[in-house]
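Hydrogens, waters and symmetry mates play no part in the numbers below; they use all other heavy atoms, side chains included. Remember, it's 1-based here, ligands and their atoms both numbered in the order they're listed.
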Amino acid sequence: MSVTTVLDPTNDLIEQARRVLPGGSFGNMPAEVVLKEGKGGRIWDEAGREYVDFLLGSGPMFVGHAHPEVTAAVQAQVPLGTTFFGNNRHGIALAEAICDAVPCADQVRFVCSGTEADLYAMRAARAFRKRDKILKFEGGYHGMSDYALMSMAPKNPGNFPRAIPDSAGIPKSVRDEMLIAAFNDVEMVESLIREHKDELAGVIVEPFQRLLLPQPGFLQALRRITQEHGIPLIFDEVVTGFRFAYGGAQEYYGVTPDLCTLGKIVGGGFALAAIAGRADIMAHFDRLAMADEDFLFQVGTLSGNPVASIAGLTTLEILKRPGAYEGVFATGRTLMKSLDELLKKAGFKATVIGEPPLFDVVFTDQPIKDYRDTLKGDKAMLTRFNQLLRERGIMKGESKYYVSLAHTQADIDHTLGAWADAIKQMKA
Ligand SMILES: Cc1ncc(COP(=O)(O)O)c(C=O)c1O
């Protein structure tokens, strides 16, 4: 694996990007990362540098980049037309596959991004409950809508349940539509829901919040409390759907919500996401079934287009095969254990958190159960570690290793070597 930097063609592209893109980037990764090609569990940048890829396009490429079966399915569809607006057979088949797989899914509505899916899931809860407020958890990520960008990553967390906007440009009034609770704090959620039950439309949660595991009983308690008051519980499964199990986190943790959102894997690397859930709530999307005032208006130009649908459907077929999840979990377990051992042996205060398909290190030895605990981690140290790893052929996001079915023993071996070397460098 070469790490050469001579005659770097990326420099021109970086300069060009700086001219035409704010901050020189699409907003996701630093401007100096310009990626060209992906195959299996590896990617290459414009300078020809090769990386073991734990970014996986921020999660969709769970079966690996350019999987031959997904590629072939997409290539067969492209000459037949790429989008129609009307129903198509691949989208219908994908909806059926989601209903078969996901415990809460009676019906499905397609959109193009997780942001939209979460936005409409919250709207569906409001339409169903005829109330406005949504409870979310501090640090929970539900895309980029005005509602989702409340207390998603507050630098200075405030008093619960007051929401803090994460972005400029959000109307001030939105703060009053959201209630914020601490993840894993059953007592707080229970008392907030009791106090606000008559104003609450729904509760949205990442069942596995970023890298935070739900403590035993937390999701069950959320289910019980919301059910008691007839408040829809929405699981944001944009990340966990088809990743933690074929039925997602709701299968993995054994708690069924009323609605869920899906994205990333379900589009097989193309722009497709979905809202799925209980038929009586999903009925609000049906103009014919609803009175005018109950109808939830939602259309989208590229929704459920045949290319994204066949890519998603083929990805699901691959994931259904025996051994698919066992393989990813085995790879993830090996990686998590090795990283933990290497850091401990070197004497770092560090905790590897997450589940085998998705994990990272937080540089603290304090227990981590909610967003505020994650702030105790040494961020500068993580940034340096990530940078050293990138120089050693490991590509990852700021705070996540996404594991793929396509990661091989050679990828694991390279990663362990890079970790050991970067840790040695950090100690020096
Ligand atoms: C849990 C979760 N929800 C929603 C989203 C938003 O999805 P998208 O980037 O497709 O809008 C993301 C994106 O990473 C996510 O992680």
Side-chain angles (χ1 to χ4, degrees), residues 25-29 54-62 102 104 108-125 134-153 166-167 178 183 202-214 219 222 233-244 248-250 252-253 257 259-277 298 300-305 308-309 311-312 315 353-355 357-360 370-371 374 396-403:
S25 84
F26 302 156
N28 296 327
M29 292 285 285
F54 293 106
L55 184 58
L56 297 186
S58 190
M61 309 318 296
F62 191 47
V102 178
C104 80
V108 174
R109 171 57 59 96
F110 290 119
V111 289
C112 287
S113 69
T115 290
E116 291 169 84
D118 286 331
L119 173 68
Y120 295 125
M122 289 189 268
R123 186 180 293 171
I134 301 282
L135 184 146
K136 79 176 279 287
F137 293 87
E138 189 175 64
Y141 184 35
H142 307 295
M144 289 286 126
S145 72
D146 291 348
Y147 302 97
L149 279 180
M150 287 289 155
S151 297
M152 187 267 279
D166 296 290
S167 170
M178 302 298 289
F183 191 69
V203 173
I204 189 165
V205 65
E206 288 181 86
F208 165 87
Q209 185 177 294
R210 310 284 73 207
L211 293 173
L212 300 169
L213 270 70
L219 296 175
L222 268 188
L233 177 62
I234 306 164
F235 275 6
D236 181 337
E237 293 233 40
V238 169
V239 165
T240 53
F242 293 100
R243 190 183 312 277
F244 280 17
Q250 49 196 285
Y252 187 68
Y253 294 125
L259 287 176
C260 76
T261 55
L262 300 163
K264 301 200 191 262
I265 292 173
V266 82
F270 288 80
L272 183 143
I275 306 108
Q298 191 286 318
T301 301
L302 294 171
S303 300
N305 71 75
S309 295
T315 299
I353 60 169
E355 296 278 10
L358 178 54
F359 66 90
D360 208 332
D370 62 20
Y371 171 74
T374 64
K396 68 180 286 282
E398 220 176 295
S399 58
K400 269 182 189 173
Y401 289 87
Y402 275 112
V403 180

**Asked** Atom CG in L119, atom OG1 in T261: separation rounded to 0.5 Å?
**Response**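 Separation between the atoms: 11.0 Å.
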**ligand 1-proximal atoms of D118, by part, heavy-atom distance under 4.0 Å** =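 The answer is the side chain of D118.
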**Item:** Under-4.0 Å heavy-atom contact with ligand 1, by part of V238 that carries it
**Value:**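 It is the side chain that touches ligand 1; the backbone stays farther off.
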Starting from [atom], what is the nearest protein heavy atom, named by residue and atom, and what distance separates them?
atom: atom 9 (O) of ligand 1; result: T115 OG1, 4.7 Å
atom: atom 8 (P) of ligand 1; result: G114 N, 3.4 Å
atom: atom 16 (O) of ligand 1; result: R210 NH2, 2.8 Å

Are side-chain N/O atoms of [X] and [Y] paired as donor and acceptor at under 3.5 Å?
X: S151; Y: K136; value: no
X: D360; Y: S399; value: no
X: Y252; Y: E355; value: yes

**Ligand-side contact atoms (ligand 1) for residue partner E206, heavy atom cut-off under 4.0 Å** =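 In order of numbering, the contacting atoms are 1 (C).
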**Item:** Proximity flag K264 to ligand 1, non-hydrogen atoms under 4.0 Å
**Value:**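 Yes, that is the case, since the closest heavy atom of the residue is under 4.0 Å from the ligand.
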**Message:** Could you check whether any heavy atom of E237 sits closer than 4.0 Å to an atom of ligand 1, since that is the contact criterion I want to use?
**Reply:**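 It does not, in that no heavy atom of E237 comes within the 4.0 Å cut-off of ligand 1.
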**Request:** Give a yes/no verdict on a cation-pi contact between K396 and Y401, requiring under 6.0 Å between NZ or CZ and the six-membered ring centre and an angle within 45° of the axis.
**Result:**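 K396 over Y401 ring: yes.
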**Prompt:** Under 6.0 Å from the six-membered ring centre of Y120 and within 45° of its axis: does the NZ or CZ of R109 meet both?
**Reply:**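 No, cation not above the ring by the 6.0 Å, 45° rule.
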**Asked** Quick one: which of Y253, F359, F244, F235 gives a ring-ring contact (aromatic ring centres under 6.0 Å, His included) with F208?
**Response**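 Filter result, single survivor: F244.
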**Flag: protein heavy atom within less than 4.0 Å of atom 11 (O) of ligand 1** =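 Within 4.0 Å of atom 11 (O) of ligand 1, protein heavy atoms are found.
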**Request:** May I ask which of N28, D236, V205 has a heavy atom nearer to atom 3 (N) of ligand 1 than the others do?
**Result:**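 Among N28, D236, V205, the closest heavy atom to atom 3 (N) of ligand 1 belongs to D236.
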**Request:** Identify the two heavy atoms, one from A117 and one from V111, that lie closest to each other, and give their separation to 0.1 Å.
**Result:**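 Smallest interatomic distance, heavy atoms only, reads N-CG2, 3.6 Å.
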**Message:** A side-chain contact here means heavy atoms from C-beta on lying under 4.5 Å apart; do H142 and L149 qualify?
**Reply:**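 Not in contact.
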Has ligand 1 got any nitrogen or oxygen that is less than 3.5 angstrom from a nitrogen or oxygen of [X]?
X: Y141; answer: yes
X: S58; answer: no
X: H142; answer: no

